[in-house]
Number of protein chains: 2
Amino acid sequence: MESFALPNARFSHVRCGACPIREHAVCAYANGDELSALDGIKSYRDYAAGRDILSAGVRAPMVGSIVRGVVKLTKSLPDGRAQMVGLLFPGDFVGHPSRAEAEFDATAATDVTLCLFQRAPFESLMRGSHRLEQRMLDMTLTELDAAREWLLLLGRKTARERLSSFLLMLARRAALTPGDPLAEIALPLTRGEMAAYLGLTIETVSRHMTRLRADDVIGFDTARSVRVPSIARLEEEAGD
Amino acid sequence: MESFALPNARFSHVRCGACPIREHAVCAYANGDELSALDGIKSYRDYAAGRDILSAGVRAPMVGSIVRGVVKLTKSLPDGRAQMVGLLFPGDFVGHPSRAEAEFDATAATDVTLCLFQRAPFESLMRGSHRLEQRMLDMTLTELDAAREWLLLLGRKTARERLSSFLLMLARRAALTPGDPLAEIALPLTRGEMAAYLGLTIETVSRHMTRLRADDVIGFDTARSVRVPSIARLEEEAGD
DNA sequence: CGTAGTCTTGATGTGGGTCAAGTTGCGTGG
DNA sequence: CCACGCAACTTGACCCACATCAAGACTACG
């Protein structure tokens, strides 16, 4: 029996064909043979919100895809200052092939399910499969583009523009899943995590959220959700 | 006759075996067959300092490796604010396979020589060569790591730490090529370009360069060069 | 219903931005 | 070889967006 009967098991197994991220993850281009090879070396694992997945400077024996939830990547200076350097959603890849030692901490921002592969068999599978390697390159280029967009945000945007850019990204992601465009969007991050992402402090994030609401750019009743009445308006506020 | 006789020709050809970046570029893992295939589709081209190589939103028919010189990648907001999002050195790759339209401007920061490949034959060559594709993935992961390091710099470091980090990167690159460790390092960027890279203004860069000199962290007589008497001291100043 | 984490709001401080005025360096042409 | 002109750089005076410091309020969970 597969894991549907055990939704919160820490280790479990779901056939790739039934996987919700089949079309978006590293396996997106895989053919039947490749998929069953992947199927043979994978296992699902759950992480509660706040749990560490990878630690900077530590060798990790696994890599994997996010099936459910949000993972944050953080880099720190020795004196404790910390900056989030990546935010990963379902379908995104955690850990890098040919880079056993992580360059940053990866932490579950929400409850997370990963589809894990042992590093060694995954790498040899990739070496034999052009599709898999091409997909990996593609995903890495997408991440690089996103990181560069973020460099522009951190280097040149005001606090209000940064918040708007972040909310815009979430609104666009939410728009991809069908539903009422004016529905509440659940924020996957706390104010403190948003600050870590945006290169700001908690207080500045909180103040500008309040102001964006006062100016009717967004609406919210609880701190962990927002409504976006007009994407166009939010785009203006984001600065680009 | 090959281009050694025509050092400033805009188009020319050098056998890969004689190429100074043979070991560091996308061709680093290529075997004999792959190398001669690359040799067949490549051409060298020179760009004077300041020349545009790629423009944001424009389809580029070529990709290529930097043979000589420094290339800067810049992203701009509609109101003119601009942030450098990458700085590429000899061996680095310009343009992305499977991404015909650039996401940013690429400009020659110094006089530059590129080893250009037509996009289509390069991509099909890559599809057929595991070594080439693996090298490409490897280089992209390295760029991603560098971009994330830069996110930490832009998000959390002070102006003095940013300058020190930048100078440290140059000092480490210079240390790779043999020579007097206390020799002058030529700065590939103007104060304005350094500011664009570091998320600062020209004035702030200039002031902190002056202060770092006053504090004996660095030495310089002309604006376009520095001496680093102690790498260890510079590392302290860089914050990590 | 207590307590701890999260969020909001206010008062004040400061690093880096802005504006402005030189200065230095260098290529061009007389 | 020098004079001109322009771009790059430096330095100073002032300003402001965001950080810091400090209370209090809300929420969730035992």
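In what follows, every chain begins at residue 1, and chains take the letters A, B, ... in the order their sequences are listed.
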Any ring pair (Phe, Tyr, Trp, His ring centres under 6.0 Å) involving residues 186-239 of chain A? Give me the pairs, sequence neighbours left out, ordered by first then second residue. A:W150-A:Y197, A:F166-A:Y197
Within the 4.0 Å heavy-atom criterion, would you say A:T190 contacts the bases, only the backbone, or no part of the nucleic acid? sugar-phosphate
Where the side chain of A:R207 is concerned, which of D:dT11, D:dT20, C:dG16 is the nearest nucleotide? D:dT20
Are B:R227 and B:E184 close enough for a salt bridge, meaning some N to O gap below 4.0 Å? yes
Which part of the nucleic acid does A:R224 contact within heavy-atom distance under 4.0 Å: base, sugar-phosphate only, or nothing? sugar-phosphate
Name the closest nucleotide to the B:T201 side chain, picking from D:dA8, C:dT18, C:dC7. C:dT18
Please check if the side chain of B:K42 supplies one atom and the backbone of B:V14 the other of a donor-acceptor pair under 3.5 Å. yes
Kindly say if B:R191 contacts the phosphate of D:dT10, meaning a side-chain N or O under 4.0 Å from OP1 or OP2. yes
What's A:G199 touching, base or sugar-phosphate or nothing? Going by heavy atoms closer than 4.0 Å. sugar-phosphate
Rounded off to whole Å, could you give me the CG-to-P distance for the A:L198 and D:dA17 pair? 18 Å
In terms of ring plane angle, is the pair B:F117 and B:F93 parallel, tilted or perpendicular, where the classes change at 30° and 60°? parallel
Side chain of B:F220 only, heavy atoms from C-beta on: which candidate in D:dA13, C:dG16, D:dT10 is closest? D:dT10
In numerical order, the residues of residues 152-168 of chain A whose heavy atoms come under 4.0 Å of DNA chain D are A:T158, A:A159
Would you kindly give the CG-to-C1' distance between A:L187 and C:dC7, to the nearest whole Å? 13 Å
Using whole Å, what does the distance between atom P of nucleotide D:dC9 and atom CG of B:L189 come to? 10 Å
Can you find a pair of side-chain heavy atoms, one from A:I202 and one from A:M194, that are under 4.5 Å apart? no
Which whole-number value in Å describes the distance from A:I202 CD1 to D:dA19 P? 11 Å
With respect to the phosphate group of D:dC18, does any side-chain polar atom (N or O) of A:H208 fall under 4.0 Å of OP1 or OP2? yes
Can A:S65 and A:R22 be counted as having a side-chain donor-acceptor contact under 3.5 angstrom? no
If a pair satisfies side-chain hydrogen bond (donor to acceptor under 3.5 Å, both in side chains) and one of its residues is in residues 230-240 of chain B, list it, with sequence neighbours excluded. B:K157-B:D240, B:R160-B:E237, B:R172-B:E235, B:R233-B:E237
Once side chain to side chain donor-acceptor pair (under 3.5 Å) is applied, do any residues pair with B:T204, and if so which ones, sequence neighbours excluded? B:T201
Could you tell me the separation between the CZ atom of A:R81 and the P atom of D:dC18, rounded to a whole number of Å? 19 Å
Phosphate contact (C:dT9 OP1 or OP2) by A:S206 side-chain N/O below 4.0 Å: no
Please report the shortest heavy-atom distance between B:A60 and B:R119, naming the atom on each side. O-NE, 3.1 Å
From CZ of B:R211 over to C1' of D:dG12, roughly how many Å is that when rounded to an integer? 12 Å
I'd like a list of close polar pairs between nucleotides 22-30 of chain D and the protein, N/O only, cut-off under 3.5 Å.
none

Ignoring the backbone of B:T204, work out which of C:dG16, D:dA19, D:dC9 is nearest its side chain. C:dG16
Let me check something: any side-chain donor-acceptor pairs from residues 70-82 of chain A under 3.5 Å, sequence neighbours excluded? List them with distances.
{"residue": "A:K72", "atom": "NZ", "partner": "A:E193", "partner atom": "OE2", "Å": "2.9"}
{"residue": "A:K75", "atom": "NZ", "partner": "A:E103", "partner atom": "O", "Å": "3.2"}
{"residue": "A:K75", "atom": "NZ", "partner": "B:E149", "partner atom": "OE1", "Å": "3.2"}
{"residue": "A:D79", "atom": "OD1", "partner": "A:R81", "partner atom": "N", "Å": "3.1"}
{"residue": "A:D79", "atom": "OD1", "partner": "A:R81", "partner atom": "NE", "Å": "3.2"}
{"residue": "A:D79", "atom": "OD2", "partner": "A:R81", "partner atom": "NE", "Å": "3.0"}
{"residue": "A:D79", "atom": "OD2", "partner": "A:R81", "partner atom": "NH2", "Å": "2.9"}
{"residue": "A:R81", "atom": "NH1", "partner": "B:R156", "partner atom": "O", "Å": "3.0"}
{"residue": "A:R81", "atom": "NH1", "partner": "B:E161", "partner atom": "OE1", "Å": "2.8"}
{"residue": "A:R81", "atom": "NH2", "partner": "B:E161", "partner atom": "OE1", "Å": "3.4"}
{"residue": "A:R81", "atom": "NH2", "partner": "B:E161", "partner atom": "OE2", "Å": "2.8"}

